[in-house]
Trainee: 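The structure is given below, and queries will be raised subsequently.
Each ligand, and each atom within it, is numbered from 1 in the order the structure gives. Positions are given from 1, in the same order as the sequence printed here. Just so you know, these numbers use all the heavy atoms, side chains as well, and skip hydrogens, waters and symmetry mates.
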Amino acid sequence: MKFGGTSVANIDRLTAVAAKVKAEVLRGNKVAVVVSAMSGVTNDLVALANEAGSSYDTNEYDAVVATGEQATSGLLSLCLQKIGVPARSWQGWQIPILTDENHGKARIIDIDTSELKASLLSNIVCVIAGFQGLSPQKRITTLGRGGSDTTAVALAAALSASRCDIYTDVDGVYTSDPRIVTRAKKLDKITYEEMLEMASLGAKVLQTRSVELAMNNRVPLQVLSSFNEGVGSDLLGTQVVAEEEIVEQEIVSGVTYSRDEAKITLLQVPDRPGVAAAIFGPLSDANVNVDMIVQNISENGSATDLTFTVPRSELAKALEVLEACKNDLGFIASVSDDNVVKLSVVGVGMRSHAGVANRMFATLAEHNINILVISTSEIKISVLVAEEFTELALRALHTAYGLDAS
Ligand code: ADP
Ligand code: ASP
Ligand code: MG
């Protein structure tokens, strides 16, 4: 069972969570619980770390931002003990959950489950601080924002759990963010593959890496509300399943947005072999993820403009890297814009249907929304547009693909 920030926001909420855990224990289940920081806490810690100068030492950034989860794990253990359920807290380093040393977005390498298993066998609920791990250098790491989902799925896989239930503040995965698209519909089931695309394209209900791990390890995963009465499948949330388990497949199952985008255009890049490698190599060395890319055809055959997107939080670093190699690369200037949003439509049914992309372009055109960059994959189409159009475009696309609840 994993509980996110709003689900553990205060002692009342933690008391309600403890009751849910107790209900599962009373059904005869052995339960490992993963908790996030109380809502707002991680944001505050990130702000403090940045104010103190986090770019100097990412080890210390993680030492700071991982603390929110420590508090929640202790508090939930206390709430459980209070209602007669034996429980103890576990920090990432105590288990340990071993990660690589990529601070701020570390990946889990291995989890030693021996002590957790012993605790579960003695009927002691394990309350595990999500989001954190231990690097080979024995420093505290964090798994990237939303990383408690990944802790939960990785533990479920390592413990061969029969279920991984992600409790949050919505009652499942919707066709679009229900906070923006009020006519979004809840999905009873979604494939791992679509959920993976939706998560990576902005649907933050599950962290992308958690879906990837669930898919690779076939972890039975469901998204449930911690605010409704009941536990597990009583709650009728959304199950994330293999494609074979879905009988009737819609062409498009969801529309997502991501504001974490920034666009960079390099003007007059020399049009010669090796230039893309020379630009994207240094960005990748600096750990900047490049996403959408368009290269224009050069008019005169000697130089061309190159546009691509990077995470908004990495724009400054990307521009710094590019500036440092400007002379070698030979472009004349870089222009950036971070008032952009990426909108995507996702669906495995796209593989076998034509016209899906065109409906997206036509819908945006009807609303006079200009498309800046386009990218596609087998099961998704993404466009970059000005951020001011986010809500309008999302709702229009949701309607255009027939996803609105009746
Ligand atoms: P938690 O703190 O429990 O991890 P998050 O805030 O990370 O919760 O994720 C839940 C939020 O994800 C919801 O409140 C909702 O606004 C947002 N969300 C975005 N896209 C979707 C979607 N397609 N379906 C459900 N929720 C979504
Ligand atoms: N507390 C962390 C965050 O806010 C991890 C999580 O909630 O999953 O990103
Ligand atoms: Mg989350």
Side-chain angles (χ1 to χ4, degrees), residues 1-9 13 17 33-47 49 61-62 64-73 92 104-106 128-133 141-155 165-188 190 194-211 222-227 237-238 240 252-260 313 341-347 390-391 394 397-398 403 405:
M1 304 172 83
K2 178 263 174 178
F3 295 90
T6 11
S7 304
V8 297
R13 295 295 320 145
V17 164
V33 187
V34 173
V35 288
S36 290
M38 296 161 112
S39 74
V41 168
T42 309
N43 285 347
D44 293 346
L45 292 167
V46 168
Y61 170 89
D62 278 349
V64 174
V65 304
T67 57
E69 274 71 10
Q70 173 163 339
T72 324
S73 64
K105 47 179 174 184
I128 296 136
F131 185 49
Q132 42 170 269
T141 53
T142 62
L143 309 179
R145 297 308 305 269
S148 297
D149 297 331
T150 298
T151 308
V153 174
L155 272 165
D165 293 352
I166 305 284
Y167 286 86
T168 181
D169 56 5
V170 282
D171 57 358
V173 179
Y174 279 71
T175 47
S176 194
D177 187 344
R179 299 196 194 283
I180 296 188
V181 182
T182 45
R183 293 160 88 182
K185 275 188 298 212
K186 191 172 84 187
L187 300 163
D188 296 334
I190 183 167
E194 286 170 312
M195 191 63 241
L196 187 61
E197 286 282 6
M198 281 183 59
S200 72
L201 296 168
K204 64 170 183 155
V205 59
L206 288 174
Q207 198 198 31
T208 309
R209 180 74 184 133
S210 73
V211 186
Q222 52 186 342
V223 176
L224 309 166
S225 167
S226 72
F227 289 77
T238 300
V240 189
V252 165
S253 45
V255 186
T256 63
Y257 70 100
S258 165
R259 290 197 164 101
D260 181 28
S313 53
V341 64
K342 181 170 66 176
L343 304 167
S344 311
V345 296
V346 177
T390 310
E391 286 82 4
L394 210 55
L397 291 170
H398 197 266
L403 296 173

Trainee: Short question: side chain of Q222, backbone of T238 - any donor-acceptor pair under 3.5 Å?
Mentor: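 No, Q222 side chain to T238 backbone: no donor-acceptor pair under 3.5 Å.
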
Trainee: Identify which one of I180, T182, V181 satisfies the side chain to side chain contact (heavy atoms under 4.5 Å, CB included) criterion when paired with H398.
Mentor: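 Only one option passes, and that is V181.
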
Trainee: Tell me whether the guanidinium CZ or amine NZ of R13 lies under 6.0 angstrom from the six-membered ring centre of F227 and within 45° of its axis.
Mentor: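 Yes, cation above the ring, under 6.0 Å and within 45°.
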
Trainee: Heavy-atom contact under 4.0 Å between Q207 and ligand 1?
Mentor: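 It does not; every heavy atom stays at 4.0 Å or beyond.
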
Trainee: Short N/O distance, under 3.5 Å, between R179 and ligand 1?
Mentor: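 Yes: some nitrogen or oxygen of R179 is under 3.5 Å from one in ligand 1.
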
Trainee: I need the atoms of ligand 1 closer than 4.0 Å to a non-hydrogen atom of V173, numbered in the order shown.
Mentor: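 Atoms satisfying the 4.0 Å criterion: 24 (N).
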
Trainee: Are side-chain heavy atoms of R179 and V170 found at a separation under 4.5 Å?
Mentor: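 Yes, close enough: below the 4.5 Å cut-off.
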
Trainee: Counting distance only, does the side-chain N/O of E69 pair as donor-acceptor with the main-chain N or O of F131 below 3.5 Å?
Mentor: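 Side chain of E69 to backbone of F131: no pair is present.
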
Trainee: Any atom of ligand 1 sitting under 4.0 Å from a heavy atom of S39?
Mentor: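 No, S39 has no heavy atom closer than 4.0 Å to ligand 1.
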
Trainee: With the threshold set at under 4.0 angstrom, would you say P178 reaches ligand 1 through any of its heavy atoms?
Mentor: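 The answer is yes: ligand 1 sits under 4.0 Å from a heavy atom of P178.
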
Trainee: Does even one non-hydrogen atom of G4 get within less than 4.0 Å of ligand 2?
Mentor: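 False for this residue.
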
Trainee: In ligand 1, which numbered atoms sit nearer than 4.0 Å to a non-hydrogen atom of M198?
Mentor: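 The atoms of ligand 1 under 4.0 Å from a heavy atom of M198 are 23 (N).
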
Trainee: Could you check whether any side-chain N or O of S176 sits under 3.5 Å from a backbone N or O of A184, counting only pairs where one atom can act as donor and the other as acceptor?
Mentor: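 No; zero donor-acceptor contacts below 3.5 Å.
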
Trainee: Could you tell me, atom by atom, which parts of ligand 1 come under 4.0 Å of a heavy atom of Y174?
Mentor: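 Checking each atom against Y174, I get 22 (C), 23 (N), 24 (N), 25 (C).
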
Trainee: As an exercise, identify every atom of ligand 1 less than 4.0 angstrom from a heavy atom of A203.
Mentor: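 Listed by number with element, the hits are 20 (N).
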
Trainee: Looking only at protein heavy atoms, which one is nearest to atom 7 (O) of ligand 1, and what is the separation?
Mentor: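 Checked against all protein heavy atoms, atom 7 (O) of ligand 1 sits closest to K204 O, 3.4 Å.
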
Trainee: Can you tell me the protein heavy atom closest to atom 2 (C) of ligand 2 and the distance?
Mentor: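 Among all protein heavy atoms, the one nearest atom 2 (C) of ligand 2 is E69 OE2, 3.4 Å.
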
Trainee: Heavy-atom contacts with S36 under 4.0 Å: which atoms of ligand 2 show up? List them by number with element.
Mentor: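 Once the distances to S36 are compared, the set is 6 (C), 7 (O), 8 (O).
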
Trainee: Of the non-hydrogen atoms in L201 and S258, which two are nearest, and what is the gap between them?
Mentor: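 What the structure gives for the nearest pair is O-CB, 3.7 Å.
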
Trainee: For atom 17 (C) of ligand 1, find the nearest protein heavy atom and state the residue, atom name and distance (0.1 Å precision).
Mentor: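 Checking every protein heavy atom, the shortest distance to atom 17 (C) of ligand 1 gives D177 OD1, 3.8 Å.
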
Trainee: For the salt bridge (charged side-chain N to carboxylate O under 4.0 Å, His left out) test, which of K204, K2, R209 pairs with D149?
Mentor: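 With D149 as partner, K204, K2, R209 yield a single salt bridge (charged side-chain N to carboxylate O under 4.0 Å, His left out), made by K2.
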
Trainee: Please say whether S36 places an N or O atom under 3.5 Å from an N or O atom belonging to ligand 1.
Mentor: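 No - when backbone and side-chain N and O of S36 are compared with those of ligand 1, no distance drops under 3.5 Å.
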
Trainee: Starting from atom 2 (O) of ligand 1, find the nearest protein heavy-atom neighbour and note its residue, name and distance.
Mentor: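 Here the closest protein heavy atom is G5 N, 3.0 Å.
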
Trainee: So, the side chain of T150 versus the backbone of S210: is there a donor-acceptor pair under 3.5 Å, distance only?
Mentor: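 Checking the backbone N and O of S210 against the side chain of T150, a donor-acceptor pair under 3.5 Å is found.
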
Trainee: Which ligand 1 atoms does D169 reach within 4.0 Å, using its non-hydrogen atoms?
Mentor: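 Taking each heavy atom of D169 in turn, ligand 1 has 10 (C), 11 (C), 13 (C), 14 (O) under 4.0 Å.
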
Trainee: Output the distance between atom OG1 (T67) and atom CG (L45), rounded to the nearest 0.5 Å.
Mentor: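 With rounding to 0.5 Å, OG1 (T67) is 4.0 Å from CG (L45).
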
Trainee: At what distance is the nearest protein heavy atom to atom 4 (O) of ligand 2, and which residue and atom is it?
Mentor: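 So the nearest neighbour among protein heavy atoms is R145 NH2, 2.8 Å.
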
Trainee: Please state which protein non-hydrogen atom is closest to atom 25 (C) of ligand 1 and give its distance, to 0.1 Å?
Mentor: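 The closest one turns out to be G172 O, 3.4 Å.
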
Trainee: Please determine whether the number of non-hydrogen atoms from other residues, nucleotides or ligands lying under 6.0 Å from atom CZ of R145 exceeds 12.
Mentor: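 Atom CZ in R145 is crowded, with more than 12 foreign heavy atoms closer than 6.0 Å.
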
Trainee: So which heavy atom on A9 is nearest to which on M38, and how close?
Mentor: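 Heavy-atom minimum between the residues: O-CE, 3.7 Å.
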
Trainee: Just which atoms of ligand 1 are under 4.0 Å from any heavy atom in K2?
Mentor: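 Numbered from 1, ligand 1 contributes 4 (O).
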
Trainee: What atoms of ligand 1 come within less than 4.0 Å of a heavy atom belonging to T168?
Mentor: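 In order of numbering, the contacting atoms are 1 (P), 3 (O), 8 (O), 10 (C).
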
Trainee: Treating T142 as the side-chain partner and D62 as the backbone partner, does any N or O pair qualify as donor plus acceptor under 3.5 Å?
Mentor: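 No.
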
Trainee: Donor-acceptor pair, T72 side chain versus S36 backbone, under 3.5 Å?
Mentor: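 Present.
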
Trainee: Does ligand 2 have an atom that lies less than 4.0 angstrom from a heavy atom of G146?
Mentor: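 Checking ligand 2 against G146, which is what was asked, there is a heavy-atom contact under 4.0 Å.
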
Trainee: Between ligand 1 and M38, can you find any atom pair, the residue atom being a heavy atom, that is separated by under 4.0 Å?
Mentor: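 It does not; every heavy atom stays at 4.0 Å or beyond.
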
Trainee: Run the contact test for S176 against ligand 1 with a 4.0 Å cut-off on heavy atoms, strictly below, and give the result.
Mentor: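 Flag set, S176 near ligand 1.
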
